[in-house]
Visitor: 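Pasting in a structure now, in structure tokens, and then I'll have a few things to ask.
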Amino acid sequence: MARRQDPAGPRAAMIRSAIGLIRRRGVAATSFADVLADSGAPRGSVYHHFPQGKSQLVEEATRSAADQLSAGVARVLEAADTPGALRELAELWRRGLEAGDYAVGCPIVAAALGTERAARDVAGAAFEHWCDLLAARLVADGADRERARSVAVLVVGALEGALVLAQAQRTPAPLDAVVGELGALCRSVVGAGRPARRP
């Protein structure tokens with residue numbers, strides 16, 4: 001049975017397939033042949049769309065994944081205070097872990113730990129952007145700006161670590177535990193940043 005062609009074209013299909021494969025296998029274990037087989041793109045389109053080879057494909061796949069994830073994080077942070085947003089993100093990630101039978105990880109982490117320097121740079125920029133978004137949300141909630149930045153770095157690092165633990169242990173328990181602790185921390189940071197009420 002012939003694979004249905006992606007309406008967005010072979011380039012978009014290859015990027016989408018590369019993201020999925022990197023999430024399941026990592027960068028080093030994802031080849032052009034795998035991407036072609038998964039996407040159904042014609043073999044001749046590889047170097048037409050990605051003349052710099054695998055490094056370009058992985059970089060662009062990482063950038064596409066980062067853009068999608070960043071937009072989702074921004075939407076969640078706009079709709080709730082920081083602790084509420086963390087609970088919402090955890091629920092989204094829990095559903096993703098369960099749907100992928102705990103075999104599908106974060107594509108940004110995979111790129112950060114991968115073999116392609118340009119993709120690692122994109123991953124680093126994505127993490128930085130997420131820290132910026134979280135810090136801005138904390139400040140909007142009432143936290144001190146300087147403290148908000150350091151807490152945002154802690155939140156991103158802890159969440160990504162919790163996702164790795166959850167995937168390895170095949171349970172959302174680490175994610176739940178970390179989100180609970182981070183929510184309490186964020187509430188205390190926001191409370192400390194607000195001026196004391198006069199009696």
Side-chain angles (χ1 to χ4, degrees), residues 1-78 88-133 156-157 159-170 172 175:
M1 182 175 174
R3 182 185 293 268
R4 203 174 89 182
Q5 293 298 310
D6 191 307
R11 187 176 190 283
M14 284 188 284
I15 288 175
R16 188 164 33 256
S17 289
I19 293 170
L21 290 167
I22 288 167
R23 292 183 71 195
R24 292 193 299 274
R25 302 178 182 180
V27 172
T30 298
S31 69
F32 261 146
D34 297 327
V35 171
L36 287 171
D38 186 72
S39 67
R43 180 165 294 277
S45 63
V46 169
Y47 286 99
H48 172 71
H49 293 293
F50 305 100
Q52 296 167 21
K54 179 181 173 179
S55 62
Q56 183 182 2
L57 172 60
V58 172
E59 178 186 358
E60 294 192 27
T62 304
R63 183 170 286 109
S64 177
D67 289 346
Q68 292 170 32
L69 289 169
S70 295
V73 169
R75 275 195 306 273
V76 170
L77 288 170
E78 286 169 6
E88 177 63 24
L89 288 171
E91 182 56 33
L92 291 171
W93 291 332
R94 174 201 292 270
R95 290 200 297 265
L97 286 167
E98 291 172 350
D101 194 28
Y102 292 91
V104 179
C106 174
I108 309 307
V109 170
L113 299 175
T115 53
E116 301 296 340
R117 175 60 186 268
R120 289 201 306 269
D121 290 344
V122 172
F127 289 140
E128 184 77 9
H129 182 52
W130 298 350
C131 290
D132 291 343
L133 291 172
V156 171
L159 286 176
E160 289 293 0
L163 282 170
V164 172
L165 285 173
Q167 188 178 358
Q169 296 173 355
R170 298 179 58 79
L175 189 58

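All heavy atoms count here, side chains included; hydrogens, waters and symmetry mates do not. For this chain, numbers begin at 1 and follow the sequence in order. Bear in mind the structure is a predicted one, so any value in this text is a computation, not a measurement.
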Visitor: Would you check if Leu36 and Pro42 make a side-chain contact, meaning some heavy-atom pair closer than 4.5 Å?
Guide: no

Visitor: Step by step, work out the side-chain contact (heavy atoms from CB on, under 4.5 Å) result for Leu159 and Trp130.
Guide: CA-CA 11 Å; Leu159 286 176; Trp130 298 350; over 6 Å; no

Visitor: Is the closest side-chain heavy-atom distance between Val46 and Leu57 below 4.5 Å?
Guide: no

Visitor: Nearest 0.5 Å, what's the CG-CZ distance between Leu92 and Arg75?
Guide: 9.5 Å

Visitor: So, does Arg170 use its side chain to make a donor-acceptor pair with the main chain of Tyr102 at under 3.5 Å?
Guide: no

Visitor: So how far is it from Leu113 CG to Ile22 CD1, rounded to the nearest 0.5 Å?
Guide: 12.0 Å

Visitor: Report yes if some heavy atom in the side chain of Pro10 is under 4.5 Å from a heavy atom in the side chain of Ser39; otherwise report no.
Guide: no

Visitor: Can you tell me if Lys54 uses its side chain to pair, donor with acceptor, with the backbone of Val27 under 3.5 Å?
Guide: yes

Visitor: Quick one: does any side-chain atom of Arg120 pair with a main-chain N or O of Gly114 as donor and acceptor, under 3.5 Å?
Guide: yes

Visitor: Determine, for Arg117 against Asp121, whether the closest basic-nitrogen to carboxylate-oxygen distance falls under 4.0 angstrom.
Guide: yes

Visitor: What heavy-atom pair brings Ala126 and Ile108 nearest, and what distance separates the two atoms?
Guide: CB-CG2, 4.1 Å

Visitor: Between Ser64 (side chain only) and Glu60 (backbone N and O only), is there a donor and an acceptor less than 3.5 Å apart?
Guide: no

Visitor: Report the distance from atom CG of Leu21 to atom CE of Met14, rounding to the nearest 0.5 Å.
Guide: 12.5 Å

Visitor: Please report the shortest heavy-atom distance between Ala65 and Ile19, naming the atom on each side.
Guide: N-CD1, 3.9 Å

Visitor: Keeping the roles fixed (side chain from Arg94, backbone from Leu175), state whether a donor-acceptor pair exists under 3.5 Å.
Guide: no

Visitor: For a quick test of reading the model, state the closest non-hydrogen atom pair linking Thr62 to Ala123 and the distance between them.
Guide: CG2-N, 4.1 Å

Visitor: Are Cys106 and Glu160 packed together at the side-chain level, in the sense that at least one heavy-atom pair is separated by less than 4.5 angstrom?
Guide: yes

Visitor: So, for Gly105 and Gln167, which heavy atoms are closest and what is the spacing to 0.1 Å?
Guide: CA-OE1, 3.4 Å

Visitor: For the pair Phe50 and Phe32, name the ring-plane relationship: parallel under 30°, tilted 30 to 60°, perpendicular over 60°.
Guide: tilted

Visitor: Output, in order, the C-alpha distance, side-chain angles, deciding distance and verdict of side-chain contact (heavy atoms from CB on, under 4.5 Å) for Leu97 and Leu163.
Guide: CA-CA 9 Å; Leu97 286 167; Leu163 282 170; 4.1 Å; yes

Visitor: How close do Leu133 and Ser70 get, counting heavy atoms only, and between which atoms?
Guide: CD1-O, 4.0 Å

Visitor: Given Phe127 and Val109, is the side-chain contact (heavy atoms from CB on, under 4.5 Å) satisfied, shown in steps?
Guide: CA-CA 9 Å; Phe127 289 140; Val109 170; 4.1 Å; yes

Visitor: Return the CD to CD distance between Glu116 and Gln56, rounded to the nearest 0.5 Å.
Guide: 11.0 Å

Visitor: Under 3.5 Å, is there a donor-acceptor pair between the side chain of Asp34 and the main chain of Ser31?
Guide: yes

